[in-house]
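Right, one structure below, let's go through it.
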Amino acid sequence: MLFSHKILHWYAQNKRTLPWRTTRNPYNIWLSEVILQQTKVAQGTPYYLKFTDTFPTIQDLASAPQEKVLKLWQGLGYYSRARNLHEAAKFIVSNLDGKFPESYKELIKLKGIGDYTASAIASICFNAQEAVVDGNVYRVLSRYFGVDIPINSTEGVKYFKKLAVELLDKENTRDYNQGIMEFGAIQCTPKNPDCISCPLKNSCVALEKNMVSGLPIKIKKTKIKKRYFNYIIPIIKDSFTVLNQRTGKGIWQGLWQFPLIELAKEASLNEVEKEATALLNINASLHVYKDVAIVHKLSHQHLYTKFWILETTQEIDNMVKIEELEKYPVPVLIADFIKTYKF
DNA sequence: AAATCGGGGCT
DNA sequence: AGCCCAGATTT
């Protein structure tokens, strides 16, 4: 049997019931695909439901303030996805008369839509003959064909895309694409795949050569940097605090946070007080919230973070009511503090 | 070609 | 501690 037919057959019997599998509306499929970029189904699903509930149409999303979009995205990470999603929605409504593009060529022009997402939307919504290559596809193909080219090398990206194009089912690309991804997620898993019960076990090169656990090959990532964050938590007249929006480059663009003092290493009370006095232009007397730094781990950085409480009656720029803290989109690190600390 | 961008779950 | 996740974009 053809590889694509084996996948289609497996998919018909094993596919999960998922909220975005009941529609071919490109707006809904687009939402699901962007939410699921580098994100597991279990983590993304509640966000898909929130977004489709809050913004049923692309017009609803386009007309929302960015603040509201980011707040709904809070906790999901990779916040450029939310900003690009919002920008693309506004573009489609304003410049394309609200009509969603239907071809790979047009889809990939939109912000936040790359090769994978353009192929996914074109095939799932319109059954276009476009091959998706996500993490699942890399794993399935590298194992089944015994390919040891690194999947994140230039050669690997090209090689696996070509292979995926050759393999795809031209009659039912829609289900084939979803099928090979689902197969990777359920059957051909990264760790401890169930090869004994696999429908492809008789023709899998990696299984034959006992290479399953060693594939796919991936070039190792760069090392993690340590950063030292000191957040100043002003408590002004028992009812106000201060938030600033992160702008420019780097992490958490567009999200809000307390006044931040970043230093080269963990600092003493005196040093942080000195910096806080300069930053906020008031005479700062601090006490630390927790003596041991909280380590917030991101993909490329570990943030060693301390929160310092500053009680004062003086007014400071960018004051916000403490009761309104919950309205602002904030990083998980800040959300966890707000939840834990009793203002 | 390499670095950057989050957060969570599993081993 | 390291790896992976329905990747895209910037440097």
Side-chain angles (χ1 to χ4, degrees), chain A residues 11 15-16 18-21 29-48 70 73-85 87-88 107-121 123-124 130-140 150-158 160-161 164 174 176-186 188-193 213-214 216-225 227 246 248-255 295-303 329-336:
Chain A
Y11 183 59
K15 70 173 174 182
R16 291 168 289 183
L18 298 171
W20 48 89
R21 289 204 169 139
I29 298 300
W30 172 52
L31 268 180
S32 75
E33 291 299 342
V34 174
I35 286 170
L36 292 173
Q37 287 168 4
Q38 293 294 289
T39 304
K40 291 195 167 108
V41 166
Q43 188 187 3
T45 298
Y47 286 84
Y48 174 80
L70 281 175
W73 199 272
Q74 180 179 310
L76 197 55
Y78 285 162
Y79 297 94
S80 65
R81 291 184 291 172
R83 299 193 305 270
N84 289 335
L85 191 77
E87 272 204 54
L107 286 162
I108 204 167
K109 292 178 182 172
L110 298 172
K111 284 202 174 182
I113 296 189
D115 177 75
Y116 164 78
T117 306
S119 303
I121 296 171
S123 63
I124 294 173
E130 304 287 351
V132 295
V133 185
D134 74 332
N136 294 305
V137 175
Y138 280 122
R139 187 168 56 256
V140 172
I151 60 173
N152 56 341
S153 65
T154 302
E155 185 193 1
V157 170
K158 209 174 143 191
F160 284 99
K161 179 71 182 187
R174 167 183 292 131
Y176 168 77
N177 272 343
Q178 295 181 83
I180 190 170
M181 292 191 283
E182 189 83 335
F183 183 80
I186 304 293
C188 193
T189 50
K191 300 281 173 61
N192 307 319
S213 64
I217 304 285
K218 199 168 185 177
I219 299 167
K220 64 175 185 296
K221 61 170 168 48
T222 54
K223 80 184 245 296
I224 292 166
K225 288 175 187 166
R227 300 175 71 179
R246 290 185 67 95
K249 302 194 298 184
I251 59 174
W252 301 334
Q253 275 178 53
L255 303 195
V295 187
H296 189 73
K297 297 178 178 181
L298 307 179
S299 309
H300 291 78
Q301 1 182 334
H302 286 182
L303 309 178
V330 298
V332 166
L333 175 63
I334 301 298
D336 285 347

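Values reported hereafter were calculated over all heavy atoms of this structure, with side chains retained and with hydrogens, waters and symmetry mates removed.
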Margin query: For A:Glu33 and A:Tyr116, which I'm curious about, is there any donor-acceptor pair between the side chains at under 3.5 Å?
Written below: yes

Notebook entry, point to check: What distance, rounded to whole Å, do you find between the two P atoms, one in C:dA6 and one in B:dC5?
Noted result: 23 Å

Next item on the list: Using a 4.0 Å cut-off on protein heavy atoms (strictly under), produce a 5'-to-3' string for nucleotides 6-11 of chain B with B for base contact, S for backbone-only sugar-phosphate contact, and - for none.
Entry: BBB---

Next item on the list: Could you check whether A:Asp115 gets within reach of a base, just the sugar-phosphate, or nothing at all, counting any heavy atom under 4.0 Å?
Entry: sugar-phosphate

Note to self: Looking at A:Thr189 and A:Ile186, would you say the former's side chain and the latter's main chain have a donor-acceptor pair under 3.5 Å?
What the structure shows: no

Item checked: Residues that A:Thr39 engages under side chain to side chain contact (heavy atoms under 4.5 Å, CB included), provided they are two or more places apart -> A:Gln43, A:Leu76, A:Arg81

Notebook entry, point to check: How is A:Thr117 classified with respect to the nucleic acid when contacts are heavy atoms under 4.0 Å: base, sugar-phosphate, or nothing?
Noted result: sugar-phosphate

Notebook entry, point to check: What does A:Trp73 touch in the nucleic acid at a heavy-atom separation under 4.0 angstrom: a base, only the sugar-phosphate, or nothing?
Noted result: nothing

Next item on the list: Take A:Gly184 and A:Lys249, find for each the nucleotide of DNA chain C with the closest heavy atom, and name the residue whose nucleotide sits nearer the 5' end.
Entry: A:Gly184

Margin query: Can you check the distance between C:dA8 and B:dG8, where both ends of the measurement are the P atom (answer in whole Å)?
Written below: 22 Å

Notebook entry, point to check: Considering only heavy atoms from C-beta outward, does the side chain of A:Tyr78 approach that of A:Gln38 to under 4.5 Å?
Noted result: yes

Checklist line | A:Pro19 to A:Thr45 - nearest heavy-atom pair and separation | finding: CG-CG2, 3.9 Å

Note to self: Under a 3.5 Å distance rule, please check whether A:Gln253 uses its side chain to pair with a backbone N or O of A:Lys249 as donor and acceptor.
What the structure shows: no

Next item on the list: Map A:Gln301 and A:Ile219 onto DNA chain B by nearest heavy atom, then report which one ends up closer to the 5' terminus.
Entry: A:Ile219

Item checked: Whether A:Trp73 and A:Tyr47 hold their rings parallel, tilted or perpendicular, with breakpoints at 30° and 60° -> tilted

Next item on the list: Have a look at A:Lys225 and say if it touches a base, only the backbone sugar-phosphate, or nothing, with a 4.0 Å heavy-atom cut-off.
Entry: sugar-phosphate

Checklist line | Segment of DNA chain C, first to last nucleotide, that comes within the 4.0 Å heavy-atom reach of chain A | finding: C:dC3 to C:dT11

Next item on the list: Provide the closest heavy-atom pair for A:Pro150 versus A:Ile219 in the form atom of the first, atom of the second, distance.
Entry: CB-CG1, 3.7 Å

Checklist line | side-chain contact (heavy atoms from CB on, under 4.5 Å) between A:Leu255 and A:Gln74, intermediate numbers included | finding: CA-CA 9 Å; A:Leu255 303 195; A:Gln74 180 179 310; over 6 Å; no

